[in-house]
Amino acid sequence: MSHIVQVEPLTTARALRGPFDYVRPDGTDVGSLLEVPFGRQRLTAVVTGVVDHSEHRLAAPLRVLPDALPADLVDLGLWLAREYASTPARALSLLLPPRGARERVQLWAHRTPDGDAAIQAEAHLGATELRLTGKQGALLQALPRFAGPDLGALRRLEARGLVEIGPRGRRRAPQHTAVGIRRPQPGLTADQQDALDAILATAATDRPERLLLHGVTGSGKTEVYLRAAAATLERGRAVLILVPEIGLTPQMIDRFVGRFGDTVAVLHSKLGAGERYDEWRRLRSGAARVCVGPRSAVFAPMDRLGLVVVDEEHDGSYKNEGDPRYDARLVAEKRALQHGAVLVCGSATPRPESVHALRRVRLPRRVDGSSMPAVEIVDLRHAPGAVHPRTHEALVDARKAIVLLNRRGWSNFLTCRSCGRVWECPQCDVALVLHRSQDRVACHHCGHAEAVPGTCPDCGSISIARHGAGTERLEHDLAALGRPVLRLDADVRHAGPVLAAFERADSAILVGTQVVAKGHDFPDVDLGVVLDADATLRFPDFRAEERTFALVTQLAGRAGRGNAGARVLVQTIDPTAPAIAFAARHDSDGFLRGELERREALRYPPFSTLIRIVCSSESTGVAHAAATAIHARLPGALGPAPLFRLRGRERSQVVLKGPVGPGRRAAVEQADAAVREVSADKAYKAAAFSVDVDAQ
Ligand code: ADP
Ligand code: ZN
Ligand code: ZN
């Protein structure tokens, strides 16, 4: 009987790495959560191993916390730490049961055999156990006895939020919009049936393949997921469905809840802590066998997964911005591998990486038989103004139009007409953007905001020029067309009502940033406009082409569903750019072929592992010096290259194009080691470091 546990204490200190040995409390195993004494602190810790021998004098954990993690998630956490140059503590923190569930007393009302109403009290522990002394516990147990069979007094306490009364195990129903409308299940098209057969055939094998469901917009990918999910449940296996931001995909939740009912758990950040915890518990216990959620749902505690779906796999939200900077698409692949589940990534505009690595299954036609809308390129080179006369004309003629402009706010930047001053963020080296409705200028990087200037502080001039147009300005200008204009961008708090109003409207224009191109299924949009296709194309980034192609294609996908004469206009000053030209021809194969060739020639992913190290510091020159020191330790790395100052910190980056396949891990470790060495050097004490593997 092994009586020692190895644990990872969940500290944020980078230098501290476990495992550390402790006495094994009864009943604990890999995945158990403990509170351990650690130096002078008490830390939550995850048991990662159970062993017989230890070199150290062992301390005993202070207590065992509720809600152990399943062992496969512990493995996943340790893998995550290595794969993304993070620490076990930070990686495992992502996997913990949702915290912060409101601590309150939960009472269970039930009838005793002799018919009296009896109430039992139980501390509802949430993830953070109530800390109760013996006396407090006794008091809690006594509470129902004081109340007697009369629930009245307790109900009044409940009304005040102090206790919660309910039948045992009642769950707090998530407040997502899903009402679970039961729609009849449509018969599959021949293409859908073929795709489903391909998924199920490989799912039934010992080592299922990884599939890419490459289906044009409106080809019915979701119905394929639903059927595959049903077949998976029938085989006694569980289903994990990842979707981009959940606020924009209520249709997906609706359809899953509608088809499978209560066995669907929804995990997302808009749930209250209690709701999230209850969903986590339902998944952990097996009461829920289907999980739908965004990026972080890839860590849902589920047993015996048979199907893992990543919908809209090209979406940028699958990459985590914080440490560990994981890519949920790769984590999903790892989970599928752990469980012997089939992985299905779906998109109309798959990433070159996925096309390269996964077996492709196609849905080449729209379900309703409608053709793709005609895409016209509008050459902006010799036309003044943001809206070309041809575009204007099309807007006049259209009944329902979606206009995409990837810049929010009124105008992009302000200058003084007399002295040329540019209004910049005091914290970041970027221009402030005018938001007229909020009557302020704001930094889109750090959130700094100030009043709209009336005079120039440098020369006193009152003549201030506003340059460029954003969505707010466009909304205002298009109102002249005399029909409702709706706007959707990050300044609009609730997307749902805007989308609903647009859907209901007879005739309207929806203006917005790239969110307007995402997954919505409106039947009667007859015009799509990309106002400035160059905005994404000009980005100094190897994904600029890929993003632009996806944006134009996805927007085209919103138009012409069940509508013959629909068209799409793409305004650009670069009409021959492959991303734009191929999108206009609906030729994703042509685009992907060229893009993969370009990536191979330049050694970009999927032909390399891109590792980006960013050094930052508030002190002048330190970030660049640190990046130089890291660069010296990484032969062949690019840089150090200065980045713009952000949140008051100078930044400098080093980029390593490591190998793919077997050499990947070594490259990550090399980068991690370089950062650790340099960060331990006193000369760079004022610097902070981030390592981004699979940098976007
Ligand atoms: P995609 O995700 O591929 O863009 P969707 O899954 O949103 O496409 O499907 C587009 C529309 O077609 C939806 O309204 C869906 O309900 C409908 N649909 C899907 N499959 C079928 C089918 N076999 N028969 C009829 N309608 C279908
Ligand atoms: Zn001035
Ligand atoms: Zn700023």
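The residues of the chain are indexed from 1 along the displayed sequence.
- Ring-plane geometry between Phe591 and Phe582 is classed as perpendicular, the angle between the planes exceeding 60 degrees on a 0 to 90 degree scale with a lower cut at 30.
- The line from CG of Asp526 to CZ of Arg567 is 9.5 Å long, rounded to the nearest 0.5 Å.
- Taking 4.0 Å as the cut-off between side-chain N and carboxylate O, Arg362 and Asp589 count as a salt-bridged pair.
- The shortest heavy-atom contact between Ala386 and Leu531 is O-CG, 3.9 Å.
- A donor-acceptor pair under 3.5 Å is absent between the side-chain atoms of Glu600 and the main chain of Phe607, judged by distance alone.
- From Arg366, atom CZ reaches atom OG of Ser371 across 7.5 Å, with rounding to the nearest 0.5 Å.
- With a 4.5 Å cut-off on side-chain heavy atoms, His448 and Pro426 count as touching.
- The minimum heavy-atom distance between Ala348 and His214, with the atom names listed, is O-NE2, 3.4 Å.
- With Thr572 contributing its side chain and Asp534 its backbone, the two residues share no donor-acceptor pair below 3.5 Å.
- Judged by distance alone, with hydrogens and angles left aside, the side-chain atoms of Gln696 form no donor-acceptor pair with the main-chain N or O of Gly316 at under 3.5 Å.
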Please test Glu353 against Asp327 for side chain to side chain contact (heavy atoms under 4.5 Å, CB included), starting from the C-alpha separation and ending with a verdict.
CA-CA 12 Å; Glu353 283 94 326; Asp327 184 337; over 6 Å; no
Step-by-step side chain to side chain contact (heavy atoms under 4.5 Å, CB included) determination, Tyr225 to Asp311:
CA-CA 9 Å; Tyr225 305 149; Asp311 188 34; 2.7 Å; yes
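- With a 4.5 Å cut-off on side-chain heavy atoms, Leu226 and Phe260 count as touching.
- A salt bridge links Glu595 to Arg599: one of the charged nitrogens lies within less than 4.0 Å of a carboxylate oxygen.
- Lys400 places no side-chain N or O within 3.5 Å of a backbone atom of Leu510 that could act as its donor or acceptor partner.
- Here the straight-line distance linking atom SG of Cys425 with atom CG of Leu432 works out to 6.0 Å at 0.5 Å rounding.
- Residues Ile402 and Phe502 meet the side-chain proximity criterion, which asks for heavy atoms closer than 4.5 Å.
- A salt bridge does not link Asp694 with Lys319: every distance from a Lys NZ or Arg NE/NH1/NH2 to an Asp or Glu carboxylate oxygen is 4.0 Å or more.
- The pair Arg538-Asp574 fails the salt-bridge criterion, with no side-chain N (NZ, NE, NH1 or NH2) lying under 4.0 Å from an Asp/Glu carboxylate O.
- Between atom CZ of residue Phe413 and atom CG of residue Leu434 there is a gap of 12.5 Å, rounded to the nearest 0.5 Å.
- Between Glu333 and Arg210 there is a salt bridge, since at least one side-chain N of the basic residue sits less than 4.0 Å from a carboxylate O of the acidic one.
- Other residues, nucleotides and ligands contribute over 12 non-hydrogen atoms within 6.0 Å of the CG atom of Leu638.
- Rounding to the nearest 0.5 Å places CD of Glu424 at 8.5 Å from CZ of Arg645.
- Side chain of His445 to backbone of Asp429: no donor-acceptor contact under 3.5 angstrom is found.
- A donor-acceptor contact closer than 3.5 angstrom is absent between the side chains of Asp191 and Thr189.
- For the pair Leu602 and Phe542, the minimum side-chain heavy-atom distance is 4.5 Å or more.
- Two residues are said to be in side-chain contact when any heavy atoms from C-beta on lie closer than 4.5 Å; Leu212 and Glu313 meet this criterion.
- At distances below 3.5 Å, at least one donor-acceptor pair connects side-chain atoms of Arg651 with backbone N or O atoms of Phe644.
- Here the side chains of Arg558 and Thr217 are in contact, with some heavy-atom distance below 4.5 Å.
- Nearest heavy-atom pair, Val224 versus Leu196, reported as atom, atom and distance to 0.1 Å: O-CD1, 4.0 Å.
- A distance-only check finds no donor-acceptor pair linking the side chain of Asp489 to the backbone of Thr513 [under 3.5 Å].
- With respect to the salt-bridge test (charged N to carboxylate O, under 4.0 angstrom), the residues Glu223 and Arg227 qualify.
- Put simply, the side chain of Lys221 never gets that close to the backbone of Gly346: no donor and acceptor are under 3.5 Å apart.
- Few gaps surround CZ on Arg603; more than 12 heavy atoms of other groups in view lie less than 6.0 Å from it.
- A salt bridge links Asp379 to Arg381: one of the charged nitrogens lies within less than 4.0 Å of a carboxylate oxygen.
- Between Arg351 and Pro605, the closest side-chain pair of non-hydrogen atoms is not below 4.5 Å.
- Under the rule for a side chain to side chain donor-acceptor pair (under 3.5 Å), the partners of Asp541 that lie at least two apart in sequence or sit in another chain are Arg547.
- Going from atom CG of Leu240 over to atom CG of Leu307 covers 8.5 Å, rounded to the nearest 0.5 Å.
- A pairwise comparison of heavy atoms in Pro352 and Pro606 identifies O-CG, 4.2 Å as the closest pair.
- Using modelled atom types, one side-chain atom of Arg483 and one backbone atom of Val396 make a donor-acceptor pair closer than 3.5 Å.
- When atom types are taken as modelled, the side chain of Arg407 and the backbone of Ala469 share a donor-acceptor pair closer than 3.5 angstrom.
- Minimum heavy-atom separation, Val361 to Ala198: CG2-CB, 4.1 Å.
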Would Asp491 and Glu472 count as a side chain to side chain contact (heavy atoms under 4.5 Å, CB included) if you check the C-alpha gap in whole Å, the side-chain angles of each, and the deciding distance to 0.1 Å?
CA-CA 9 Å; Asp491 293 330; Glu472 201 184 9; 6.0 Å; no
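- When each of Leu405, Asn406, Val570, Ile573 is tested with Asp532 by the rule side chain to side chain contact (heavy atoms under 4.5 Å, CB included), just one qualifies, namely Leu405.
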Walk me through it: do His467 and Asn412 pass the test side chain to side chain contact (heavy atoms under 4.5 Å, CB included)?
CA-CA 6 Å; His467 303 271; Asn412 310 342; 5.7 Å; no
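- Arg390 is linked by a salt bridge (charged side-chain N to carboxylate O under 4.0 Å, His left out) to Glu376, counting only residues two or more places apart in sequence or in another chain.
- Between Cys291 and Phe256, the closest side-chain pair of non-hydrogen atoms is not below 4.5 Å.
- For the residue pair His388 and Ala383, the shortest heavy atom distance occurs at CD2-CB, 3.4 Å.
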